[in-house]
Amino acid sequence: MTGYSELAGELRRRNVRSIALQFPEGMKRKAREIALFLRKEGFSVIVSADPCYGACDLASDALRLVDALVHFGHTPLGDPDPKVIFEPVSVDFDPGVLKGAVHHFRKSTIGLVTTAQHVHLLPAMVRVLADSGIGAVTRPGSRGCSEGQILGCAFEAARIPSVEEILYVGTGIFHPLGVRLATGKRVIALDPLTGTAREVDEDRFLRKRFALIEKARSADAFGFIVSSKTGQNRLSLAREMASGCPNAVILLMREVDPGELLNLGFPAYVNFACPRLAYDDQPRFPAPVLTPQEFRILTGETDFSSYTIDEMQ
Ligand code: SF4
C-alpha cells in the first residue's frame with residue numbers, strides 16, 4: 001500500500017469505521033497529516049502517542065477502543081492479530097551501489113541480508129552481484145521476517161551454512177555486528193545511502209561487554225527486567241533463570257527507563273525485553289544491564305569465548 005487513499009480503501013473493504021494509528025519514533029511527525037486525511041475520509045481516528053520501536057510493541061490499549069490498528073513502519077512479527085494492518089516503509093536506493101562492495105569479498109559466493117526497509121530490492125541486489133561475478137545466497141528469516149531480512153533481535157536469515165562471507169546492506173552498526181556475532185562469518189556492511197562498505201570488527205564491542213560482566217560480578221542482587229510489550233515477553237525464560245538465582249527479582253516494565261532503574265536501585269540488571277536495550281542504551285543506565293547470555297557467563301554456566309548475541313524467538 002503506497003498512498004493514504006489506498007489505506008482508506010483497505011479500511012472500507014474491511015468495514016472499519018474507527019481506527020488507531022501507531023508510528024515508530026522516526027515517523028511520528030507524519031501522524032498529524034495522516035490522521036487528518038483519514039478523518040476527512042470519514043473515519044474516527046485515535047493516534048497512539050506512546051513510544052514505539054518495533055512491531056513487537058503493538059498498541060494493544062488503543063486497539064481495544066477501535067475496529068482496527070494501523071501500525072506504520074514495520075513488518076509483522078509472527079502471527080499478529082487480524083485487526084492489525086501493517087504499513088511497512090520501503091526505502092529505495094540504486095542497487096548498482098552494491099558494485100562498490102564487491103572487491104571486499106574473497107569468495108565468489110556470499111550470503112546476503114538486509115533490513116525491512118530495503119528487502120523489496122533484494123532480487124535487484126542479487127542481479128547486480130551476479131553481473132559482478134558474485135553469487136548471492138539468501139534464506140528466510142525468523143520472527144515473521146521475509147527472505148533475506150534480519151531484525152535487531154533476529155538474525156536467522158544470516159545463518160547460511162554454505163557461505164563464509166556475508167554482505168549486510170543497510171544503515172547503522174548494530175545489525176551487521178549482530179550478523180557477525182550470530183554467525184561467526186566474515187561480514188561486510190554496506191550503507192546503501194552513502195555507498196560506504198567496511199568489514200565488521202567486533203573487538204571493541206566485546207571488550208566493553210566483558211568489562212560490564214566483570215563490573216556486575218560484585219552485585220548482591222539482580223533486577224530481571226521483563227517487558228509487558230506484546231512481542232517482547234520472555235517471562236518464562238526470566239522465571240527459569242531466576243529459579244537458579246536466589247538474589248534475582250523479576251521486574252515487569254513497559255518502558256525500560258534509566259530513571260526507573262535508578263529508583264529501583266539494583267546494583268545490576270538482566271534484560272529480557274528488547275535485546276537492543278542492553279546493547280544500545282547501556283551508557284544511559286545507572287548500573288550494568290546484561291543480556292541473559294551474559295548473565296550465564298557471569299554465573300559460570302557458559303564461557304566468554306562462546307559469546308552469543310541476544311535474540312528473540
Ligand atoms: Fe526491534 Fe527490539 Fe522489537 Fe526486536 S524486540 S523488533 S529489535 S524493537
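Atoms within a ligand are numbered from 1 in the order they appear, just like the ligands themselves. The model shown is predicted, which means the values in this text are computed figures rather than measured ones.
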> Is it true that atom CZ of Arg198 has more than 12 heavy atoms of other residues, nucleotides or ligands lying nearer than 6.0 Å?
Replying inline: yes
> How would you list, by chain and number, every residue that makes a salt bridge (charged side-chain N to carboxylate O under 4.0 Å, His left out) with Arg254, sequence neighbours excluded?
Replying inline: Asp57
> Are any side-chain N or O atoms of Thr114 and backbone N or O atoms of Gln149, one a donor and one an acceptor, separated by less than 3.5 Å?
Replying inline: no
>> Applying side chain to side chain contact (heavy atoms under 4.5 Å, CB included), can you list everything that pairs with Ala197, at least two apart in sequence or on another chain?
In response: Ala101, His104, Ile188, Leu190
> Are any of the heavy atoms in His74 under 4.0 Å away from ligand 1?
Replying inline: no
> Given Phe210 and Tyr307, is the ring pair (Phe, Tyr, Trp, His ring centres under 6.0 Å) satisfied, shown in steps?
Replying inline: CA-CA 10 Å; Phe210 183 80; Tyr307 187 96; 9.9 Å; no
> How would you list, by chain and number, every residue that makes a salt bridge (charged side-chain N to carboxylate O under 4.0 Å, His left out) with Arg296, sequence neighbours excluded?
Replying inline: Glu301
> Is there a donor-acceptor contact under 3.5 Å from the side chain of Arg14 to the main chain of Ala68?
Replying inline: no
> Using a distance threshold of 2.8 Å, what protein N/O/S atoms lie below it relative to atom 2 (Fe) of ligand 1?
Replying inline: Cys274 SG
> Which atoms of ligand 1 have any heavy atom of Arg143 under 4.0 Å away?
Replying inline: 4 (Fe), 5 (S)
